[in-house]
Asker: 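Quick one: the structure is below, questions incoming.
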Number of protein chains: 2
Amino acid sequence: MAGQHTLDETERQVQARLGDLKIDFEAMAVTSNLFRAANAVRNYLERTVLAEHDLSWTAFVVLWVVWIWEPVESRVIAEEGGFSKATLTGVMQTLEGRGLITRTRSSKDGRLVLVKLTAKGRKMMKQLFPEFNKGERLALADLKRSDLGSFADLLRAVTLTVDAQKTN
Amino acid sequence: MAGQHTLDETERQVQARLGDLKIDFEAMAVTSNLFRAANAVRNYLERTVLAEHDLSWTAFVVLWVVWIWEPVESRVIAEEGGFSKATLTGVMQTLEGRGLITRTRSSKDGRLVLVKLTAKGRKMMKQLFPEFNKGERLALADLKRSDLGSFADLLRAVTLTVDAQKTN
DNA sequence: GATTAATCGTTCGGGTACGAACAGTTTTAA
DNA sequence: TTAAAACTGTTCGTACCCGAACGATTAATC
């Protein structure tokens with residue numbers, strides 16, 4: 001991936017199609033590379049670590065959130081994972097069918113559903129997460145260690161900015 | 001989104017579940033925030049700019065690549081966009097049905113398919129891309145201008161690292 | 001306390017998204 | 001120059017993924 005065309009070529013082509021319209025090429029480069037990177041890492045981890053456990057990316061994220069915060073409400077999982085409630089329902093049905101999680105309606109608030117891992121789910125995560133983390137480390141192996149902190153901060157800032165837009 | 005739990009809390013919970021197993025929390029924070037950011041930006045742009053034109057994210061990426069590089073082979077679109085050929089086929093069928101692109105088999109190499117925009121497709125992109133770029137700018141509005149360059153470089157480095165892993 | 005509003009999870013419909021298997025084309029080897 | 005290998009795009013099956021609409025529950029308003 002990473003594109004066979006250089007950034008300069010791309011800018012020239014865009015400008016040629018838009019005349020002298022002002023375009024923010026730096027913003028374009030950031031978002032474009034943001035998705036390339038996210039896609040690349042996701043596909044890589046899905047094909048390697050997660051495939052061995054027959055898990056999709058989203059299924060893993062759900063398991064991870066529940067593993068850390070159980071018992072946890074559905075809405076929290078969706079929020080932490082960054083996907084919709086509709087998506088979550090489907091994924092949790094799959095995971096429940098495989099005996100990895102349980103769902104129970106809250107007795108305090110009949111609207112809420114509380115999610116926990118089963119013993120099987122916990123056992124899987126205890127083995128899987130270290131493998132997953134090793135994959136994460138490999139995906140970032142060529143970056144300078146000292147850059148990781150500010151890198152994470154920049155990414156966090158993007159999420160915060162967009163979420164602020166959303167509520168307006 | 002952005003999670004209601006702090007990073008420290010999360011690290012403590014992970015460590016509590018794994019004993020003294022070594023985990024790379026910096027790598028974990030980067031990938032976690034990478035996906036949160038990508039998801040947030042994507043959902044934001046889909047709900048605002050792209051929804052007005054009834055386009056999905058992937059459909060937009062396809063149109064963008066074709067717009068810049070037409071005539072372009074299918075395999076290049078998949079590579080540039082970072083998704084599979086199977087995904088691309090479905091999206092292009094939708095776009096062709098809406099009269100935004102055309103597909104023709106190459107006369108030089110019967111395996112290849114050349115993709116172009118229709119006049120309608122070009123007209124749409126000429127209006128849509130500036131709107132999209134404005135959305136990108138808003139998503140990055142809170143970041144320091146001087147950070148954008150190195151931010152893009154870090155993201156590019158991740159993609160390159162993962163792609164290098166892939167071929168091994 | 002009854003009506004209204006807000007919240008939560010599910011369902012529904014349509015559009016991605018992938019790997020694997022496939023058919024057609026081109027290239028490479030023998 | 002055949003046979004084998006490599007490559008491209010499509011189809012297939014399964015699983016996501018979302019917004020919108022929905023029923024159930026709780027909270028707010030009067």
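Being a predicted model, the structure only gives us computed values, none of them experimental.
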Asker: Taking it one step at a time, do B:Glu70 and B:Val115 satisfy side-chain contact (heavy atoms from CB on, under 4.5 Å)?
Answerer: CA-CA 7 Å; B:Glu70 67 175 333; B:Val115 187; over 6 Å; no
Asker: Side chain of B:Arg111 only, heavy atoms from C-beta on: which candidate in D:dC18, D:dC7, D:dA24 is closest?
Answerer: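 Looking only at side-chain atoms, B:Arg111 lies closest to D:dC7.
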Asker: Just how far, in rounded Å, is P of C:dT26 from CZ of B:Arg75?
Answerer: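 In whole Å, C:dT26 P lies 13 Å from B:Arg75 CZ.
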Asker: Map A:Ala86 and A:Asp109 onto DNA chain C by nearest heavy atom, then report which one ends up closer to the 5' terminus.
Answerer: A:Asp109
Asker: Which part of the nucleic acid does A:Ser56 contact within heavy-atom distance under 4.0 Å: base, sugar-phosphate only, or nothing?
Answerer: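 Sugar-phosphate, backbone atoms only, no base.
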Asker: For the backbone of B:Phe83 and the side chain of B:Thr87, can you confirm whether one donor and one acceptor N or O come within less than 3.5 Å of each other?
Answerer: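 Side chain of B:Thr87 to backbone of B:Phe83, a donor-acceptor pair under 3.5 Å: no, none is there.
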Asker: Closest approach of B:Asn33 and A:Thr159, non-hydrogen atoms and distance?
Answerer: O-OG1, 4.4 Å
Asker: Grab the CG-P distance between B:Asn39 and C:dT16 for me, whole Å please.
Answerer: 17 Å
Asker: Send over the distance from B:Leu55 CG to D:dG19 C1', rounded to a whole Å.
Answerer: 16 Å
Asker: So what does B:Ser74 hit on the nucleic acid, given a heavy-atom distance under 4.0 Å: a base, only sugar-phosphate, or nothing?
Answerer: sugar-phosphate
Asker: Between A:Ala59 and B:Val113, which is nearer to the 5' end of DNA chain D once each is assigned its nearest nucleotide?
Answerer: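 Nearer the 5' end of the strand: B:Val113.
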Asker: Check B:Leu95, B:Thr94, B:Val61 against B:Leu55 for a side-chain contact (heavy atoms from CB on, under 4.5 Å) and give me the one that passes.
Answerer: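 Considering B:Leu95, B:Thr94, B:Val61, a side-chain contact (heavy atoms from CB on, under 4.5 Å) with B:Leu55 is found only for B:Leu95.
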Asker: Looking at OG1 of A:Thr89 and CZ of A:Arg103, how far apart are the two atoms once the value is rounded to the nearest 0.5 Å?
Answerer: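 A:Thr89 OG1 to A:Arg103 CZ: 6.5 Å, rounded to 0.5 Å.
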Asker: Go through it in stages, so that I can follow the logic: the residues are B:Leu18 and A:Lys126, the test is side-chain contact (heavy atoms from CB on, under 4.5 Å), and I'd like the CA-CA distance, side-chain angles, deciding distance and then a yes or no.
Answerer: CA-CA 7 Å; B:Leu18 290 173; A:Lys126 187 161 186 173; 4.0 Å; yes
Asker: Grab the CG-P distance between A:Asp54 and D:dA15 for me, whole Å please.
Answerer: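 The distance from CG of A:Asp54 to P of D:dA15 comes to 9 Å, rounded to the nearest Å.
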Asker: Send over the distance from A:Trp57 CH2 to C:dC18 P, rounded to a whole Å.
Answerer: 14 Å
Asker: How close or far is atom P of C:dT16 from atom CZ of B:Phe83, stated in whole angstroms?
Answerer: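 Rounded to the whole Å, the gap is 11 Å.
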Asker: Can you find a side chain N or O atom of A:Arg103 that sits less than 4.0 Å from OP1 or OP2 on C:dT10?
Answerer: yes
Asker: Which atom pairs, donor and acceptor, lie under 3.5 Å between side-chain atoms of residues 130-140 of chain B and protein residues at least two apart or in another chain?
Answerer:
{"from": "B:Glu131", "atom 1": "OE1", "to": "B:His53", "atom 2": "NE2", "distance (Å)": "3.3"}
{"from": "B:Glu131", "atom 1": "OE2", "to": "B:Gln127", "atom 2": "NE2", "distance (Å)": "3.0"}
{"from": "B:Asn133", "atom 1": "OD1", "to": "A:Asp24", "atom 2": "N", "distance (Å)": "2.8"}
{"from": "B:Asn133", "atom 1": "ND2", "to": "A:Asp24", "atom 2": "O", "distance (Å)": "3.1"}
{"from": "B:Asn133", "atom 1": "ND2", "to": "B:Glu136", "atom 2": "OE1", "distance (Å)": "3.0"}
{"from": "B:Glu136", "atom 1": "OE2", "to": "A:Thr31", "atom 2": "OG1", "distance (Å)": "2.4"}

Asker: Residues from residues 88-100 of chain A sitting under 4.0 Å of DNA chain C, heavy atoms only?
Answerer: A:Thr89, A:Gln93
Asker: Which whole-number value in Å describes the distance from A:Asn43 CG to D:dC16 C1'?
Answerer: 14 Å
Asker: Round to the nearest Å and state the distance from B:Phe35 atom CZ to D:dC16 atom P.
Answerer: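 Computing the B:Phe35:CZ to D:dC16:P distance gives 16 Å.
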